[in-house]
Amino acid sequence: MNDSSMLSDELHEYWSGIANTFQWRKKWDSLQTGNFDECNVQWFNGARLNITENCLDRHLEKRRHKKALIFEPNNPNEAAIFYTYGELHLSVCRFANLLKSKGVKKGDVVCFYMGMTPELMIGILACARIGAIHTVVFGGFSPQSLRGRLEDSNAKIIITHDGGYRGDKVTPLKSMVDEAIENLSFVETVLVVKRTHTEIQMKQGRDYFYDVLIKECELFCPAVEVEAEDPLFILYTSGSTGKPKGLVHTTAGYMVHVGNSFKDVFQIKENDIFWCTADIGWITGHSYLTYGPLLNGSTTVMFEGVPNYPTPARFWEVIEKHKVTHLYTAPTAIRSLEKFGSDIPESFSMKSLKVLGSVGEPINEEAWQWYHKYVGKERCPIVDTWWQTETGGIMISPIAGVTKLKPAHATLPLIGIVPVLVDEKGREENAMVASGNLCIKYPWPSLARTIYGDHERFKLTYFSTYKGLYFTGDGARRDEDGFYRITGRVDDVINVSGHRIGTAEVEEAINEHLLITESAVVGFPHEIKGQGIYAFVTCNDDLILPEVLIKEIRATVEKVIGPIAKPDVIQIVHSLPKTRSGKIMRRILRKIVENDLGNIGDTSTLLNPECVEDIIKGKKS
Ligand code: WT7
């Protein structure tokens with residue numbers, strides 16, 4: 001074993017056993033090297049492979065005619081589209097040849113800003129086929145956010161749709177790309193997949209239609225052999241400070257844990273139909289809509305629409321239509337459907353369902369019970385899977401049908417994963433029943449390796465808070481069974497509808513409004529979204545009507561970040577509570593919005609204690 005490895009013999013043996021179930025061009029020289037302290041963890045060094053050979057080619061002999069992908073369009077009257085493994089392989093090869101014809105090479109970054117259609121999945125696999133690095137930007141982000149991610153990743157090529165469907169809305173994606181890349185000279189190519197036939201402008205020599213070019217592409221593209229630690233993708237996510245971080249996942253480690261965790265957690269059988277409702281713009285859509293199912297030769301369902309369009313029965317109809325066996329969705333979707341009443345799911349038998357999954361945010365007990373009773377008809381286990389963009393794959397979760405069910409608990413770590421709870425000082429809580437900050441003690445293969453272009457920030461964010469540990473940013477409790485219950489973020493990140501939003505980012509966006517002097521953003525308990533966004537602002541102009549200002553602030557945030565980050569509540573205040581050194585006391589604001597006035601604590605040492613009373617009086621429910 002390599003000297004710098006942090007792994008015990010047991011963990012070493014476990015992970016090499018799992019890795020041996022995949023297909024390698026050449027196996028590794030060392031299983032794991034590096035450690036958290038030096039922030040240099042690597043896995044499978046010396047190995048060579050191509051992940052698409054594992055997702056596609058490997059299955060062709062046995063599963064060429066098996067459905068790989070079922071595409072369910074936004075509009076239920078439009079026909080579903082099916083791809084067998086043979087067809088998906090062919091489509092990926094052709095798309096890869098198209099990318100090559102546009103000069104994309106191994107190591108280049110390719111950006112996707114698209115709606116949820118098969119071309120998005122095919123496109124990212126095409127990148128992996130030729131060793132290019134995909135970076136998917138969720139289509140709900142604004143042009144300005146897209147621009148920031150392009151500037152950070154230096155993607156020379158963008159793939160988009162003319163427009164994207166989501167419920168009754170059409171998002172003009174191509175025009176948004178035009179806006180995002182104005183005067184960005186490094187962007188050489190924009191490929192447009194037609195979907196909504198929205199009117200668009202095409203810039204000669206830069207913009208091309210996918211359907212025209214793909215016709216010229218050959219049907220086979222050899223898989224490019226890459227090193228284990230070559231990057232597979234960059235995915236941006238919000239942190240507690242600064243701009244979004246481009247987390248980099250590398251090929252072999254990501255493949256090994258994502259492929260294996262999918263099989264284990266969901267207990268997938270050969271003829272199962274797996275539906276993950278996440279957008280590919282998020283890590284869940286990468287790991288458990290795309291790579292996890294395909295690595296296992298499973299059938300994956302991709303849905304273009306939203307839960308309540310055209311009616312709140314849409315999910316249940318899709319389940320019956322495609323005989324879905326596994327539904328993997330977010331608590332926010334469950335709560336939003338719960339609102340329409342249990343008689344809707346009750347009128348569907350959904351007898352194909354075997355396992356239900358939850359992801360993205362803590363699931364409250366009520367939503368868990370509703371999901372279990374009305375969707376799972378009390379026969380389907382719920383797997384409440386805890387993980388993060390950084391962890392690549394599921395870390396803490398029940399094993400379907402094996403682990404005892406306990407509502408609202410992510411329960412136990414997967415084999416190979418060693419979580420610990422630490423107190424403020426980083427001391428490990430050794431007692432079984434404990435609470436604290438959730439850390440991971442040993443490396444696992446699908447840990448992100450760095451923040452693109454900023455390794456120092458990576459080290460600082462995850463490995464500097466507690467020596468020798470990976471810090472998740474979450475708090476958790478452990479009960480007498482050793483079951484974990486995730487209680488939520490302990491940093492300045494809020495979780496809105498399962499989407500992670502940095503409060504600092506929202507504040508920066510708000511501050512772009514000319515009349516705003518200062519702002520402070522905190523999360524508050526929200527019935528449907530889990531957490532909502534509450535913004536306190538001070539304004540340097542008395543002449544504007546509060547309701548006009550509030551509308552403008554919301555529009556500013558939408559423009560800078562996107563609709564998902566629009567504050568739910570905006571309160572205009574005279575001043576924000578500050579320490580004598582001028583630091584905004586967000587803790588006090590958090591207590592106020594949580595209605596936890598008893599725990600505000602001592603405010604007498606503030607620079608401006610009188611403002612607290614004012615803020616409480618003006619609070620919006
Ligand atoms: C944060 C990660 C995991 C993919 C989707 C979100 C929260 C995630 C759970 C869960 C309680 C959860 C955590 C985590 N979270 N799953 N089952 N129970 N909280 O990925 O955007 O990287 O967000 O989501 O707070 O840190 P992400």
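Start at 1 and go down the list; that is how both ligands and their atoms are numbered.
Within ligand 1, the atoms closer than 4.0 Å to a non-hydrogen atom of P362 are 11 (C), 18 (N), 19 (N), numbered from 1 in the order shown. Atom numbering of ligand 1 starts at 1 in the shown order; those under 4.0 Å from a heavy atom of T385 are 9 (C), 10 (C), 16 (N), 17 (N).
The N/O atoms of D474, backbone and side chain alike, include one that comes under 3.5 Å of an N/O atom in ligand 1. Considering both main-chain and side-chain atoms, R500 comes within under 3.5 Å of ligand 1 through a nitrogen or oxygen pair. When only interatomic distances are considered, the shortest N/O to N/O separation between T237 and ligand 1 does not fall below 3.5 Å. Here's the thing with I486: none of its N/O atoms is less than 3.5 angstrom from an N/O atom of ligand 1. Considering backbone and side-chain atoms alike, Q388 places an N or O below 3.5 Å from some N or O of ligand 1.
When only modelled atom types and interatomic distance are considered, T385 and S397 share no side-chain donor-acceptor pair under 3.5 Å. Side-chain N/O atoms of Y254 and S287 include a donor and acceptor closer than 3.5 Å.
Side chains of Q531 and P525 form no contact here, defined as non-hydrogen atoms less than 4.5 Å apart.
In plain terms, the two heavy atoms of I159 and M114 that are nearest each other are O-CG, 3.3 Å.
Not a single heavy atom of G488 lies less than 4.0 angstrom from ligand 1.
By the criterion of a heavy-atom distance under 4.0 Å, both the backbone and the side chain of T389 are placed next to ligand 1. Contact annotation: for V493 versus ligand 1, there are no heavy atoms closer than 4.0 Å.
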What's the verdict on side chain to side chain donor-acceptor pair (under 3.5 Å) for D479 and Y484, showing C-alpha distance, side-chain angles and the deciding distance?
CA-CA 7 Å; D479 69 10; Y484 287 86; over 6 Å; no
